[in-house]
Amino acid sequence: MTPDPAAATSIVAEVEGLRVEVAASGAEIVDQASFTVGEGEVVGLVGESGSGKTTAALALLGYARRGTRIAAGRVVVAGIDMLALSAEEMRGVRGKVISYVPQDPTVALNPGLRIGLQLEETLSEHTGASAAERAERIATVLEEVRLPTDRQFLKRYAHQLSGGQQQRVCIAMAFLLQPKLIVMDEPTTGLDVSTQAHVLKIIREMCQRHRASAVYVSHDLAVISNLAQRVIVMYAGRLVEVGPSDAIFEQPGHPYTAKLIEAIPDLEAKMTLVAIPGKVPPPGQRPGGCVFADRCDFAIDKCRAAAPPYEKLREQDVLCIRAVELDRGKRQRSAQHPTAAAGTGAQGPALLKVAGVDAFYGERQVLAGVSFELHPSECIALVGESGSGKTTLSRAVAGLHHKWTGEIEVDQTPVATTVAQRPKELCRRMQYVFQSPFNSLNPRRSIGDAVRGPIQQFFGLRGKAADERVAAALERVSLPARAMDRYPDELSGGERQRVAIARALAAEPEILICDEVTSALDTSVQAAIIDLLQDLQQQERLGILFVTHNIALVRTIAERVLVLSEGTVVEEGLTATVLDTPHHPYTRSLIEDTPNITEGGQPHRVVAGADVGE
Amino acid sequence: MSSDALVQAGEPAPGDLGLGSDLPRSGGARLSVWVLRRIALSLLTLLGVSIIVFLATQTLPGDPAREILGHVTPAQVAAFNKLHGLDKPLLTQYVDWLKNTVTGSFGSSIATHEAVTHLIGRRGLNTLALVLLSALISIPLSLLIGTISAVRRDRPVDHGIQTVLLTLTAMPEFVIALLLLVLFATTVFTWLPAVAVIGPGETAFQNPEMLVLPVAALVLAVVPYVARLQRATMIDVLESEYVHMARLKGLREGTIIRRHAMRNSLVAAIQGSSLTLIYLTGGVVTIEFLFAYPGLGSALTSAVQTRDLPVIQAIVLVFAAAYVLINLCADLLTVYVTPKLRTQFR
Amino acid sequence: MSTQAIELPAARAGRGRRSAAARALRQRRTQVGLVITLLVLAVALFGPLFAQYEPSAIVSIPAQGPSAQFPLGTDALGRDVLSRVLWGGRGLVWMAFLATALGVLVGAALGMLAGYSRSWLDDALMRTMDVILAFPQIILVLLFVSMLGTKLWLVSVLIAISWVPQVARVARGVTTEIVEREYIQAAEAIKTPARRILRKEVLPNIITPLAVEFGLRLTWSIALVAAISFLGFGIQPPNADWGLMISENREIITIQPLPLVVPAVCIALLAIGTNFVTDGFARAVARTSGGEG
């Protein structure tokens, strides 16, 4: 691959023919990876779960997780051949020449050691600096990441800091010795958008101030588009496309990149989310030939015959033999046709009415005076950051939260507080889909058993009659009836979430409460689930309460939106109105903090996809 | 439970030792309040123990009067019962009994007529010597073996250690002791005394060679237990994100193990030590019997044979109290060394 | 609706526990453990069929060395050691097995109940467990045996009781963890009765840890039963028992160690065998559940 001309002047890191394997089986996790990082350049390494992006990034530090090994290739950082170093030499390079910012600071910071010591040991193990010099250096860097520098702060333990503070400590740690290259492994994934915006700002500042090169690993294309000069797109262990950020987001060359961008919900316009059918093949089960061929709309026999070489397309290197032939020029997203049902839908009596609901967690009040109405065939989005009370609200509605007061009515009839006090029929009409499909299905019970639950419970059906209902419910979520005999661990995240939805549908509900149902899924899988929910809403006249932290999803799915902050509804209205002309400062900052894909200098708002389920 | 903790499932993982529900959960409370609460819970447990001991020894069939006096007339039985307060209501009996127990008035041995407190003092010192010496050797040894095994995980050293540990944990301590005895005191070598001959008035400290075999047997029996716990904890710690992070920061392996890993396996070490002590208190019974070692364990065995109630009661209570005390100390220490728990109090 | 139905991968052959057992058996140490266990079990259960002499019959002079007539010599009373060894494992195996089964069963039930109820019942049960836990196991047995006499069923029940708190803690731990899962809430949301949730949703998930518990407790029950017989409160003379044989031949240890060593080795092998098998299974289970998700 030819390095980017802009960076050709000075290359900080060069990876060539990298292959990382599962040590036991020899199955490849990453293969044939070659790329460079120029001086002062931020390279975005983007991919869905199972793409091998973190593995590739860790290889830059000469590091392979337990059970994996770097089998082939060359990794040169600042002129040092990382893979040729002895353990002791490697130790001297890590932290000093190349440093690392972890994905989850809550577990990456040692719970038993004070923050000060964890910062200081980086200095004392690599330099002969005196205590005073070390203290001064620490104070300087902490100031740069806008953390307090006093003794009191340094004496704290990680659990006494907020998530954003913890991550800033890790960033400070990475910059302490002014390394040439910094590997950042999804450093903002666990954070709320406002915290994420703040941390990203600091990362950008720090990279500029120290002229450091960085490899930024993320599943989130929008974040990458804002931060990186160059982008590497990974799929199933291969670099499928490499090129300048602007070029890739404007005119993606690889069919996978194009699809991935189209799967991202758009904050600015209502778009059809394009899902990528199938799933990422795991190591050991990857096809010969092009790794994406099985899921590609444009695959021809030749694609499957042999591994494709890189094709040069404008400024990009694309791992696709048809890249030039398929080039469609500037990317066009198809706006969603305004469907008939997607109007206001707010006529007639409300299906669900929530009025003045207060809720408590122990002594603490988490909801104050929340009110809204939901009509048949309508989808209301409930948006808020963590701690906003959105999940408590949905649980109160479903009768799963015990401590709430106020009025909740279904068909103008007030309901009791908990499931235990509510009649069976009411429970049937209101179904709840949980956040994590990895958690909401019992690993020891078959899919059939799971979906049969509500059928037995509400319709008293057993045996063949129940099985027929199960098959029908599975079919409504596009799963074959054969799935009945499978166990959750045999299915992918997206398939499991379909099962969870099928279980809810089996009760023939009128109201569906979806609690962050896509937040554990990859962006392309999220698109498929959203698509499914939209179909259900329109065809089955379901009223959907869609709880999410991702305001970008709202435009795609919901007619109306409720913005929840610290337990109160700060803004409410038609989706288009709220998103286009937000009134409340909180809504405004929420929209502003949501990262957007920048295209050719024109900011085009696109939001981060869902958190990848890694 | 993490995967490696599960390998040792059933063997105490740090989560389900004495810990669990007794550790502070929500912040805000004062440390002293929690400590007092924890002590109160210990006393409650002891109260429960005393009830069980009282019910077992005072109310179960096997009439003490007949047992002690032999063949007697009903009138004599009634007189005996009245003398010992056995005709009063159960609750009154219990309260009287508890009063005596708390003040240390256990009466005197039925078999030897020695004051029970005296007997416990004399024998207890011997047992204490046995237990403390074994603990002193086995705690550091098991932590060391567990750590080595974890650091060399899945290598031949680890496999070897694991096999030996698994073999030793399975064996009852008296079987280990017997094999040692046969090996070192009788057939192959005859270096050491086969039985402990400690005369009245003497203590174990004056006869160190008597202690060698019993201590060796106890050490071999208890080390595997704690070593495996330490190994599981260390593996969890070594696989933790913060140790990965420390490696990626370029810290020396020695610093990582000493500062990052050991620091966080301290809780396991504390709980392991408490387990060692608890295990040893049970283990001494058969060991003392085998070596005819004059401690509390052998005293209990002979008291059970002769149904010497005052002695049985006292010794059982001593053992249970030791358990409660050890557990209490372990929990307090655990909170002290765990910043996340300690800093909840302000 | 997405037109394309989703392709599912081919169903996997072995599932969960079965594949864990298969995986366990591939480990060398598990194989060794299984062979040892089966051998000692065979001796314990079928040994009496092959015994040449009555186990309690005095057939020769005491403390003889091995000879053609008495392959393992004679004991302190002049009884045939081999015959006593062949007879002496049956009671031990049964008592250990019954004690473990009862203890695990009751412990699991109480633990699940405590873990699921999360109310005063939980507190009350676990406090009671704490009290039982305060007695070292062997001392709990001795305390009650001293009052109620040395009855074999009583010893088994007492050992079972001594296991209850430990098993209950494990079962409670796993249950409270499972109760947090969303699939339990999903079942509660459709008004599934508690009994059904415990049976259908919780139990299948704690069977595996309970199987591991059973193995561990079995190993230590063997040790405990042997210890109690050794102390003289289990199987009574003149019956043959491995634990008892060790204590009744203590006087002749310097002259003739075989009557002590052979039963000691039998006890050790049985316990070691079951421990190896349990460990192999636990490892396989950990790997199975660790590899998924």
Side-chain angles (χ1 to χ4, degrees), chain B residues 1-4 6-11 15-16 20-21 41 44-46 48-49 51-53 56-57 60-62 162-163 166-167 169-176 178-179 181-182 185-187 194 278 281-282 285-286 289-290 300-301 303-305 307 309 312 315-316 319-320 323-324 327, chain C residues 29 123 126-128 130-139 142-149 166 169-170 173-174 177 209 212-213 215-217 219 222-224 226-227 230-233 246-247 250 253-254 257 260-261 264 267-268 271-276 279 282-283 285-287 289-290:
Chain B
M1 213 185 283
S2 79
S3 58
D4 254 282
L6 206 99
V7 170
Q8 329 260 308
E11 295 199 19
D16 41 64
S21 55
L41 277 177
L44 194 70
T45 306
L46 275 180
V49 167
I51 291 173
I52 290 186
V53 173
T57 53
L60 284 184
Q162 285 302 300
T163 305
L166 275 173
T167 306
T169 20
M171 285 161 68
E173 54 284 317
F174 74 95
V175 169
I176 297 178
L178 178 78
L179 297 179
L181 195 61
V182 170
T186 60
T187 52
I278 287 163
T281 53
V285 177
T286 48
F289 180 70
L290 180 72
L300 179 65
T301 315
V304 170
Q305 275 159 354
R307 296 196 60 169
L309 278 191
I312 294 174
I315 293 179
V316 169
F319 276 118
Y323 169 90
V324 172
N327 241 339
Chain C
R29 203 156 48 204
D123 276 337
M126 293 328 280
R127 289 281 156 250
T128 314
D130 279 351
V131 172
I132 300 177
L133 216 49
F135 296 90
Q137 287 182 293
I138 205 161
I139 284 166
L142 292 188
L143 174 64
F144 282 89
V145 162
S146 68
M147 300 314 300
L148 297 172
Q166 316 199 18
R169 273 195 172 182
V170 172
V174 183
E177 206 181 304
V212 174
E213 275 299 293
L216 281 166
R217 305 303 167 203
T219 298
I222 292 167
L224 259 174
F230 166 71
L231 294 177
F233 304 114
I246 296 175
S247 59
R250 270 185 307 162
I253 185 168
T254 43
L260 295 91
V261 172
I267 295 168
I272 291 167
T274 54
N275 205 27
F276 278 13
D279 179 70
R283 257 171 218 282
V285 167
R287 214 152 296 163
S289 54

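Keep in mind that this is a model prediction, so the values were computed, not measured. Quick note on labels: first sequence line is chain A, next is B, and so on, each numbered from 1. No hydrogens, no waters, no symmetry mates; every other heavy atom, side chains included, goes into these values.
- Taking every heavy atom of both residues into account, C:Ala268 and B:Met171 meet most closely at CB-CG, 3.7 Å.
- The line from CZ of C:Arg127 to CG of B:Leu41 is 4.5 Å long, rounded to the nearest 0.5 Å.
- The contact between B:Leu300 and chain C is made entirely by side chain atoms (from C-beta outward), counting heavy-atom distances below 4.5 Å.
- B:Val49 touches chain C through backbone and side chain together, each having a heavy atom under 4.5 Å away.
- Taking B:Thr301, B:Ile312, B:Val324 one by one and counting their heavy-atom pairs under 4.5 Å with chain C, the maximum is reached by B:Thr301.
- When side chains are defined from C-beta on, C:Ser247 counts as touching B:Phe289, because their heavy atoms get closer than 4.5 Å.
- Across C:Ala271 and B:Ala170, no two heavy atoms sit closer than the pair CB-O, 3.2 Å.
- Chain B forms the most heavy-atom pairs under 4.5 Å with one residue out of C:Ala227, C:Gly149, C:Gly215, C:Gly232, and that residue is C:Ala227.
- The CG atom of B:Leu178 sits 5.0 Å away from atom CD1 of C:Ile253, with the distance rounded to the nearest 0.5 Å.
- Both the backbone and the side chain of C:Leu142 come within less than 4.5 Å of a heavy atom of chain B.
- Between B:Thr163 atom OG1 and C:Asp279 atom CG the span is 9.0 Å, to the nearest 0.5 Å.
- When atom types are taken as modelled, the side chain of B:Arg307 and the backbone of C:Ser146 share a donor-acceptor pair closer than 3.5 angstrom.
- Nearest heavy atoms, C:Phe135 versus B:Val53: CE2-CG2, 3.8 Å.
- Residues C:Pro136 and B:Gly282 share a closest heavy-atom pair of CB-CA, 3.9 Å.
- Proximity to chain C involves both the backbone and the side chain of B:Gln305, based on heavy atoms less than 4.5 angstrom apart.
- The CG atom of C:Leu216 lies 9.0 Å from the OG1 atom of B:Thr169; values are rounded to the nearest 0.5 Å.
- Contact check for C:Phe230 versus B:Val175: no side-chain heavy atoms found under the 4.5 Å cut-off.
- Both the backbone and the side chain of C:Leu260 come within less than 4.5 Å of a heavy atom in chain B.
- At a threshold of 4.5 Å between non-hydrogen side-chain atoms, the residues B:Phe174 and C:Leu231 do not count as touching.
- In this structure, the side chains of C:Ile139 and B:Thr281 stay at 4.5 Å or more apart for every pair of heavy atoms.
- Although no hydrogens or angles enter the test, the distance criterion places a donor-acceptor pair under 3.5 Å between the side chain of C:Asn275 and the main chain of B:Leu166.
- Inter-residue side-chain proximity for C:Leu143 and B:Thr57 is flagged as met; some heavy-atom pair is nearer than 4.5 Å.
- The minimum heavy-atom distance linking C:Val131 with B:Gly48 is given by the pair CG1-C, 3.5 Å.
- For the set C:Gly173, C:Ala134, C:Ala223, the count of heavy-atom pairs under 4.5 angstrom toward chain B peaks at C:Ala134.
- Counting heavy atoms from C-beta outward, B:Ile52 and C:Phe144 have side chains that approach closer than 4.5 Å.
- Not a single side chain to side chain donor-acceptor pair (under 3.5 Å) links B:Thr167 to another residue, sequence neighbours left out.
- In this structure, chain B has a heavy atom under 4.5 Å from the side chain of C:Ile267, while its backbone stays farther away.
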